[in-house]
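Read the structure below first, then the notes.
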Number of protein chains: 2
Amino acid sequence: MTIKELAHICGVAVSTASRAMNDRTGVSQETRARILEAAAQHGYVPNSSARSLKITSTRAISVIIQGEPSRLLINVLQLLEEEFAAAGFTTTLTHVPVRRAHAATVERIVREGKFGGVVFLGRYGDGEPAGSSELTRQLAEIDAPMIFCTTSDYSGTSYPHSSVSVDDYAGGLELTNHLTALGHRRIAFVGGDSEQGRGHAWALRLAGYRSALESKGISVDPGLVIAPSLPAQLYTVENGYESTRAWLSRGRVDATALIASCDAVAVGAARALHEAGIAVPADCSLMGFDGLDIGHYLVPRLATIAQPLSEIAAATARVLLATIDDPARPTEQVRIRGRFLPGESVTKPHPAAV
Amino acid sequence: MTIKELAHICGVAVSTASRAMNDRTGVSQETRARILEAAAQHGYVPNSSARSLKITSTRAISVIIQGEPSRLLINVLQLLEEEFAAAGFTTTLTHVPVRRAHAATVERIVREGKFGGVVFLGRYGDGEPAGSSELTRQLAEIDAPMIFCTTSDYSGTSYPHSSVSVDDYAGGLELTNHLTALGHRRIAFVGGDSEQGRGHAWALRLAGYRSALESKGISVDPGLVIAPSLPAQLYTVENGYESTRAWLSRGRVDATALIASCDAVAVGAARALHEAGIAVPADCSLMGFDGLDIGHYLVPRLATIAQPLSEIAAATARVLLATIDDPARPTEQVRIRGRFLPGESVTKPHPAAV
DNA sequence: CTGAAAGCGCTTACAG
DNA sequence: CTGAAAGCGCTTACAG
């Protein structure tokens, strides 16, 4: 059923039916009621294509996720939807495969002009440094309100778009400080490489780890920074397991604690430690990052930094909507402090370490 | 830029530009090349609203997920996208909140007629029995190709739509047989209630559990079937933890093994057992269901039934596409056997049980 | 091979 | 308050 048929049934013009359906002024109370009733009775649903073809300022947001979304991103997506819905905006998720030409797809979405704004959720591009990637450069040329959510560029170089994320650096710092306060000196970091990771969450967490150690006068041992065995799937349980196993196979390193680049990596690392006969936390303490629900139920319960997802979603919506209202608005980099969640996976250093 | 501008630039008619862009016959090789080049140069992107307003047979599939999607559903979604893409179909995900009027939203999506077919992924409706819910009845009146994926109706009553899922019943049977073969007699089941669950995955797994016990001459003790403490979020770690804890607090029950309705529930149950001083598997064996990646890395490694996700996605696409080709095609109920994954969470029964 | 025209289902000035 | 008409950007018979 089209609006034309609906109008015919009610004996009114199409324009009147449209006004009634869209809750617009300029229709008498009774005419509106009659039309709405007929619409409900006949199950009339406006054709959204025709609608968006006419509508100029589309109150819609496109959320773009690249690759397989993690549990965390799904939770953020949920919250983003709620935030935007509260402001009267629709949210549409577009899923961009990692392999395909990402920039082209994004450009297409933006150029189509169906959306009032775009949220990039999670990583984007090919994992290059956020501020200097080819994609970022291309995006800078596209004139549309956009924001990066849970992706940040700690390097602080000029950054063409707004972003919102947990303060990964401060989190890495805090986790490490917890461990040094307990007396740990030989602390390993798994899931990140020191090279080519600028702008990545793990790289910022690693930077926090380095700073914390240095501020305590502990020199960072390169042998304790464990490169990812599966660089294509950094934040996965598999990567945590394989990386830690490869590291342990290289011989005794005397670490008394291990910080994982995220909770999932921590789970994999815990398994690798277990298989090597190293008990958590008796022989080696373990820290995660993200605050996933599941970490709270593991045995031992995982110590971690919880990402403030609600605040991240709220800030993302706030900044993007403000940018839509005022495109000339300066960009904003929002970093929100995470909350430390103590766990059973951490204790004082064992004299005979890993 | 619109197709009109593109046509103007190339000095051709709009219809010619359209034909060139859509790879249609009836354009000279050189004209086509010229138009495509101009399109690429100016970054012309067709307006999809205008396009879908004209197109009759929309080669697009709507995937509807209700509530917060689990890890498992996300994986299936991924695979579905690939399957449909291979057949030249676009996939659009619509996320329906649990609270809101689900039937109305679904009806709206279907009635809009933008999609060639609809996949319901995961649970739908208010958790009522699949075959007899109000929603199913309403959907039966909507004339569009649809299929239910990972949702099934084991009851075998006449079912108005096609569905594809793992064989939950056979899986429940297999898990239980493994335990009885090891000598277990007092086996509990957590995460499902015996009432009002017809059509739910956990109910089918529970049915398999019952049958397996009965076939061994072991009577099912109602005290060993643990009702969910959080019925609103059945397949969650939280529910596994809370349900098991509530059950353990009711006193000694002599169970030597516990089957969880899914892997997530198993993780929560493991935590509750641990807090009660019950060791897995020494004091109590534990079985999951689904075969999530993480279960493979837990300590102890979780024994489970792996859902054949690729096969489920492939069958879903196959049946739905066949239904689109031939709407008169009879509905089909596909049940795919899961694969048992042994784990360290299961052993022979301990004499002094829970 | 190419073009002019109709029309998909809507919304929105513009008249009355 | 209501209606007739233009037009959003595209595709597709229909002529040439």
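Quantities reported herein were computed from a predicted structural model and do not represent experimental measurements. All heavy atoms count here, side chains included; hydrogens, waters and symmetry mates do not.
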Inset, instruction - Quick one: closest heavy-atom pair of A:Ala313 and A:Leu80, and the distance? - result: O-CD2, 3.7 Å
Inset, instruction - Strictly below 4.0 Å, heavy-atom distances to any atom of DNA chain C: list the hits from residues 10-29 of chain A, or just say none. - result: A:Val14, A:Ser15, A:Ser18, A:Arg19, A:Asn22, A:Arg24
Inset, instruction - Runs of at least three consecutive Watson-Crick or G-U pairs, both distances under 3.5 Å, are what I'm after; which ones involve DNA chain C? - result: C:1-3 with D:14-16, C:5-12 with D:5-12, C:14-16 with D:1-3
Legend entry - Main-chain N/O of A:Thr2 paired to A:Glu5 side chain as donor or acceptor, under 3.5 Å: yes
Legend entry - B:Tyr44 and B:Met21, any side-chain heavy atoms less than 4.5 Å apart: yes
Inset, instruction - Kindly say whether B:Arg32 contributes a backbone atom to a donor-acceptor pair with the side chain of B:Arg19 at under 3.5 angstrom? - result: no
Legend entry - Closest heavy-atom pair and its distance - B:Cys149, B:Ile312: SG-CG2, 3.7 Å
Legend entry - B:Pro308 side chain near B:Val166 side chain, heavy-atom distance below 4.5 Å: yes
Legend entry - Within-4.5 Å side-chain heavy-atom neighbours: A:Thr316 and A:Glu83: no
Legend entry - B:Ser163 side chain vs B:Gln333 backbone, donor-acceptor pair below 3.5 Å: no
Legend entry - Donor-acceptor pair, side chain of A:Ser18 and main chain of A:Val14, under 3.5 angstrom: no
Taking only N/O atoms, report every protein-nucleotides 7-9 of chain D pair under 3.5 Å with atom names and distance.
unit_1, atom_1, unit_2, atom_2, d
D:dG7, N2, A:Lys54, NZ, 3.2
D:dG7, N3, A:Lys54, NZ, 3.4
D:dG9, N2, B:Ala50, O, 3.4

